[in-house]
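Reading through the structure tokens given below for one structure.
Each chain gets a letter, A, B and so on, in the order its sequence line appears, and its residues count up from 1.
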2 protein chains.
Amino acid sequence: MLQVSRKFEYGLHAVTYLATKGLGRVVTVKEMADELGFSQEFLSKAMQSLKRAGIAASVQGVKGGYMLGKSTDAITVADIAIAIEGEPHLVRCGVKADRCEIFSSCHHRGYMNTLQHKIQVLLAATTIHSLLKEVAG
Amino acid sequence: MLQVSRKFEYGLHAVTYLATKGLGRVVTVKEMADELGFSQEFLSKAMQSLKRAGIAASVQGVKGGYMLGKSTDAITVADIAIAIEGEPHLVRCGVKADRCEIFSSCHHRGYMNTLQHKIQVLLAATTIHSLLKEVAG
DNA sequence: GTTAAACAGGACTATTTTAACCCTATTATC
DNA sequence: GATAATAGGGTTAAAATAGTCCTGTTTAAC
């Protein structure tokens, strides 16, 4: 049921990895994949998503790689989730109304939407900065 | 990403349907499936899960069917989720440690677990009683 | 006691989503 | 120009979800 995707896990690990390396340091996908034990190709996709969202910045060419696109307290877990998985939809009808047989007569769409919003608030409450501090402390 | 399963949606709708029918009233799966526009067989599976969890009670034989197993303020959305989907695992390593390549060196398992717990608290905060009142109000 | 309407549940299939891989650009350093 | 990197489209593989089928059991009604 409520489970995050592996791509999100990859992305979150990558961001914390970049964070520990410092804001300016450029790191290749290969290094991260080796270090974290992930598939290089797949992590690469995650990084591309993070880049599009401005969470990571990239340098192309030889000596290229990724670095953080903002400071660690300007990136929340919610930002990473949205960058990688797009806008959240707790229920199908949020994606497209015709995915639900009883859209017009449904009694709990309102509740599901507020629930989804509350979950987003939870994710948005944690910045990478606070996450790292939690681990260290 | 974070999306509830259709089986859960079916189950939640079925419970609220039973609730509007009153605590003692026995309703067949056929009636519910017709009324809600769901597959009878699949809804039947959801009902069986709800029954095992005590959320619904069943009467077998002709004239049989389902009714609520407890009062509407003793059933939370979390109860239904657990009945139908089992214990939640926001991350793979919660299911089984070897589902994660970096279990031993992972830095945010603790965070993910508290996050999961907070989501459960959200789900547990809504009873069927309060959900119905919200719709009516 | 036979029939029929319902739940119970195991096993199977189909569909959808997720994960992963392949291959071809493009970019930039040396 | 060779090479090491990102960028990204397209395809395949694996896993999870959704749905079906079939057989059994229970019990009210006749």
Side chain of V62(B) - closest among dA4(D), dA20(C), dA5(C): dA5(C)

Whole-Å gap separating P (dA28(C)) and OH (Y66(A)): 14 Å

Any donor-acceptor N or O pair under 3.5 Å, side chains H107(B), H13(A): no

Flag side-chain contact, heavy atom, 4.5 Å: K133(B) against H129(B): yes

Atom-pair distance (CZ on F42(A); C1' on dT11(D)), nearest Å: 15 Å

Selection: residues 11-40 of chain A, any non-hydrogen atom under 4.0 Å of DNA chain C: S39(A)

Those residues of residues 45-59 of chain A lying under 4.0 Å from DNA chain C by at least one heavy atom: K45(A)

Touch class at under 4.0 angstrom, heavy-atom based, for Y10(A) against every strand present: sugar-phosphate

From M32(B) atom CE to L43(B) atom CG, the distance as rounded to the nearest 0.5 Å: 5.0 Å

Test item: Q116(B) side-chain N/O and L90(B) main-chain N/O as donor-acceptor pair under 3.5 Å: yes

Sugar-phosphate, base or nothing in reach of G61(A), heavy atoms under 4.0 Å: base

Atom-to-atom span, CD of Q3(A) to P of dT17(C) - whole angstrom: 16 Å

Nucleotide dT17(C), atom C1' - distance to NE2 of H89(A) in whole Å: 15 Å

Option from T127(A), T16(A), I128(A) for which side-chain contact (heavy atoms from CB on, under 4.5 Å) with I75(A) holds: I128(A)

For atom NZ of K63(B) and atom C1' of dT25(D), their distance in whole Å: 20 Å

Under 3.5 Å donor-acceptor, R52(A) side chain and A83(A) backbone: no

Heavy-atom side-chain proximity of K7(B) to F42(B) below 4.5 angstrom: yes

Whole angstrom value for the distance that separates P of dT16(C) from NZ of K7(B): 19 Å

Candidate nucleotides dG19(D), dT18(C), dA28(C), ranked by approach to the side chain of R92(B) - the nearest: dT18(C)

Closest approach of G24(B) to M67(B) (non-hydrogen atoms, all atoms of both residues): O-SD, 3.4 Å

Atom pair CG/NE2 of N113(A) and H89(A) - distance to nearest 0.5 Å: 10.0 Å

Nearest-neighbour nucleotide for the E41(A) side chain, dT6(D), dC21(C), dA8(C) considered: dC21(C)

For atom CD of Q60(B) and atom C1' of dT26(D), their distance in whole Å: 5 Å

Whole angstrom value for the distance that separates C1' of dA15(D) from CZ of R6(A): 11 Å

